[in-house]
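Per chain, numbering begins at 1; letters A, B, ... match sequence-line order.
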Amino acid sequence: MAIIRVALDVPVDCLFDYLAPDASITDIGLRVCVPFGKRRTLGIILSVCTDTSVPGNKLKQAERIYRDIPPLPPALLELFKFCNRYYHHPIGQVVMNSIPNRLRQFKLTIDQPSRAFAWVITDKGRLLDATDIPARSRAKRLLLTTLQDNGQIPPEAFKQMSAHNRKLLREFLALDWVTQMPLVPGLPTAQTEPPSPTPEQNAAIAAILADTGMFAPWLLHGITGSGKTEVYLRVTAALLKQQRQVLLLVPEINLTPQLEARFKQRFPETAVVSLHSGLNDNERLQGWLLAQQGKAGIVLGTRLAVFTPLPELGLIVVDEEQDLSFKQQDGLRYSARDLAIYRAKQAGVPIILGSATPSLESYQHALAGHYRLLRLHSRAVSGATLPVIRCIDLRLTKAPEGLTEPLLTALQTALSQQQQSLVFINRRGYAPVLLCKSCGWVAACTRCSSRLVVHLHARQLRCHYCGHQQTVPAACPECGDPDILPFGQGTQRIEAALRSHFPAARILRVDRDSIRRKHAWQSVLDAVQNQQVDILVGTQLLAKGHDFPNLSLVCILNADASLYSTDFRAEEQLFAQLMQVAGRAGRADIPGTVLIQTEFPHHPLYQALSRQNYDSHARTLLRERQLTHFPPFAYQAVLRAEAIVIDSALAFLGKAAKIATACEQFGQIQLFDPVPAPMMRLKGRERAQLLVHAHSRKHLQEFLFDWQQRLHTLAAQKKVRWHLDIDPLML
DNA sequence: AGCACGCCGACT
DNA sequence: GTCGGCGTGCTC
């Protein structure tokens with residue numbers, strides 16, 4: 001009698017054994033329905049064996065093994081086990097959170113046709129002789145010949161079809177005469193000739209293609225506008241020719257559709273599957289299945305896509321590898337970029353980490369020779385030059401309403417030359433503070449340690465951390481003085497100020513509030529492309545990825561805040577962000593200018609920025625990290641605790657620190673003091689953290705393994721929730 | 001996570 | 001005398 005070991009979605013780090021008379025080794029990776037306590041639940045078979053340590057009276061029989069779709073491949077199961085070990089997260093939750101929702105339900109996933117996909121003829125269908133179909137089945141014969149002639153029926157055409165024809169198509173699907181593929185609507189459009197690569201791009205492409213059959217991590221460091229995407233496209237083309245699949249990971253930002261369109265356009269014959277948060281469960285499953293069956297040549301997605309099964313994986317690309325959104329911030333706190341490296345190594349394929357401002361982790365790997373460094377120094381569009389970057393010293397220049405005279409003058413010049421400008425301020429709303437002048441009261445959130453932001457249009461105060469909203473009070477709630485004033489600038493206030501300075505200009509504000517509407521982002525892009533905008537005002541949403549060809553001026557306001565941050569990565573991130581925003585300026589043949597309003601014009605960050613010198617700044621930061629023994633020269637984990645009151649959280653961490661001394665490798669690690677988290681109060685709960693440092697990943701892991709087990713047995717965790725975060729990004 | 005069991009306060 | 005509060009513990 002076979003025993004199956006099953007991963008279930010429970011917060012206990014173990015597998016559950018069941019009797020399964022009909023199970024064999026080929027069932028590993030299949031879904032299974034099992035009785036669990038008083039209920040039934042669905043799990044994944046991780047191994048099949050003949051004996052178990054579970055006493056016979058506890059052992060139950062599995063109800064049913066699902067064979068409707070092929071099992072998860074061994075490589076993926078291996079990745080799950082790695083996540084389990086490395087991130088110290090229960091195996092069942094790793095597995096079940098990484099597969100599509102639909103696969104976690106009891107109902108079978110019979111190939112349900114997807115409305116969003118085209119019906120494409122298979123090789124089998126193509127070889128059929130339509131005259132073999134009896135002449136009286138007129139519709140059936142016609143449908144087959146149509147498919148053989150056109151190759152596909154796009155989704156729009158399917159919607160027009162009669163119910164009978166739709167039924168026939170479903171029949172064809174069951175017979176494997178057709179398959180469902182996501183294809184570009186209106187497929188064979190006039191294809192524009194791809195630009196010929198620059199010598200730098202060619203060198204990079206050649207270098208990567210020289211070794212495609214083995215693990216090779218590449219750091220593609222290319223300045224904004226240098227054409228990293230063209231490198232991805234060319235390397236992808238070569239691997240698609242070898243019948244391999246390409247995984248492209250992107251940050252969770254609005255530029256996914258643009259990249260998707262570009263890949264679809266370049267590879268009209270290839271099924272491009274896009275896995276992002278905008279999909280419903282069915283669409284996600286369909287895309288996942290195409291990937292798993294090897295039918296999808298290109299899988300493009302956000303961090304969760306790193307768990308997609310890809311039997312023919314030949315290349316992984318991580319675009320904007322420095323982006324923080326590759327790190328999951330709850331549940332299984334994985335880094336999709338790091339897991340992508342693991343997968344590439346596991347599959348023996350190249351991986352390209354692309355960035356204009358690589359993370360210090362990746363950059364250090366490149367300097368140390370662990371990654372191979374490729375550089376694109378020049379802009380891909382011939383004649384395009386780098387922008388000139390200047391600081392405006394806020395200590396010497398007045399900035400009424402947050403805007404200095406030289407900045408307004410520059411905007412006026414751009415306007416008169418009919419060129420577009422971008423005003424970047426990383427703070428949405430009207431004003432970040434509402435202040436009472438007579439008693440010093442400040443509007444604060446009751447559930448978070450944050451200030452409420454004034455939103456003038458909505459006449460509200462909003463907490464940007466928990467979403468709490470209230471109306472703006474008419475007078476100070478403390479002293480009754482009606483003279484309460486918004487302090488500081490947000491996007492809305494800057495927008496208003498610009499409108500009064502430039503009444504004739506067409507000003508468009510872009511932040512999370514203004515693009516909440518569906519498709520709003522696309523209409524912003526269209527408006528900018530079609531020259532319907534003179535001045536863009538916005539947050540970091542505007543920082544990434546898009547070509548704004550007529551943009552000549554970028555103004556950066558209020559960036560200094562990050563310089564006071566307690567997070568040791570704040571400066572690295574600010575630098576990356578400002579480099580990106582600055583890169584928006586002067587992309588085509590218009591020379592660009594970047595103006596930065598700052599109180600610290602001599603700060604090394606701004607100095608490096610104005611010289612556009614990523615390398616020297618990154619080396620400076622790395623030297624600091626090395627001297628202070630911080631990542632990437634040390635490895636970190638953080639134990640976070642949250643409770644109703646900070647004292648319980650701190651007390652728990654105190655106990656945790658005490659039991660740590662008895663743990664394996666305690667001598668090899670360094671524990672910091674438990675401290676309140678930077679945003680101590682959040683959504684009505686108070687949080688504290690305890691940082692662990694080590695010089696060796698192995699020692700840290702051994703310590704954490706032991707520590708975590710003891711933390712579970714620490715009984716007095718009443719009402720204290722805790723978790724471990726490995727390689728934490730935000731402290 | 002669910003879902004039980006279990007042992008103490010206010011109700012028909 | 002019960003209904004129900006949520007603390008503790010288990011689920012193959």
Notebook entry, point to check: Any chance the side chains of A:Gln665 and A:Glu702 put a donor and an acceptor closer than 3.5 Å?
Noted result: yes
Notebook entry, point to check: When the distance from CZ of A:Phe36 to C1' of C:dC10 is rounded to whole Å, what number comes out?
Noted result: 8 Å
Note to self: So, using salt bridge (Lys or Arg N to Asp or Glu O under 4.0 Å) as the criterion, who are the partners of A:Arg67 when residues are at least two apart?
What the structure shows: A:Asp22, A:Asp27
Check: So which of residues 10-22 of chain A are in contact with DNA chain B, with a heavy-atom cut-off of under 4.0 Å?
Finding: A:Val10, A:Pro11
Next item on the list: Name all residues meeting the ring-ring contact (aromatic ring centres under 6.0 Å, His included) criterion together with A:Tyr334; count only those two or more places apart in sequence or in a different chain, and write none if there are none.
Entry: A:Phe307
Check: Along DNA chain B, 5' to 3', what are the outermost nucleotides having an atom less than 4.0 Å from a heavy atom of chain A?
Finding: B:dA1 to B:dC3
Note to self: Expected output is a numbered-order residue list: members of residues 47-62 of chain A with a heavy atom under 4.0 Å from any atom of DNA chain B. What is it?
What the structure shows: none
Next item on the list: May I ask you to say whether A:Asp281 pairs ionically with A:Arg102, meaning some side-chain N is under 4.0 Å from a carboxylate O?
Entry: no
Note to self: Can you confirm whether A:Asp706 sits close enough to A:Phe666 that some side-chain heavy atom of one is under 4.5 Å from a side-chain heavy atom of the other?
What the structure shows: no
Show which side-chain atoms of residues 669-682 of chain A pair as donor or acceptor with protein atoms under 3.5 Å away, not counting sequence neighbours.
{"unit_1": "A:Arg681", "atom_1": "NE", "unit_2": "A:Thr446", "atom_2": "O", "d": "3.3"}
{"unit_1": "A:Arg681", "atom_1": "NH1", "unit_2": "A:Glu686", "atom_2": "OE2", "d": "3.4"}
{"unit_1": "A:Arg681", "atom_1": "NH2", "unit_2": "A:Thr446", "atom_2": "O", "d": "2.7"}

Check: From A:Leu15 CG over to A:Ser47 OG, what is the distance, rounded to the nearest 0.5 angstrom?
Finding: 6.5 Å
Check: Quick one: which of A:Phe703, A:Phe630, A:Tyr635 gives a ring pair (Phe, Tyr, Trp, His ring centres under 6.0 Å) with A:His693?
Finding: A:Phe630
Checklist line | Cation-pi, A:Phe106 ring and A:Arg40 (6.0 angstrom, 45 degrees) | finding: yes
Note to self: Does A:Arg337 qualify as a cation-pi partner of A:Phe326, given the criterion of NZ or CZ under 6.0 Å from the six-membered ring centre and within 45 degrees of its axis?
What the structure shows: no
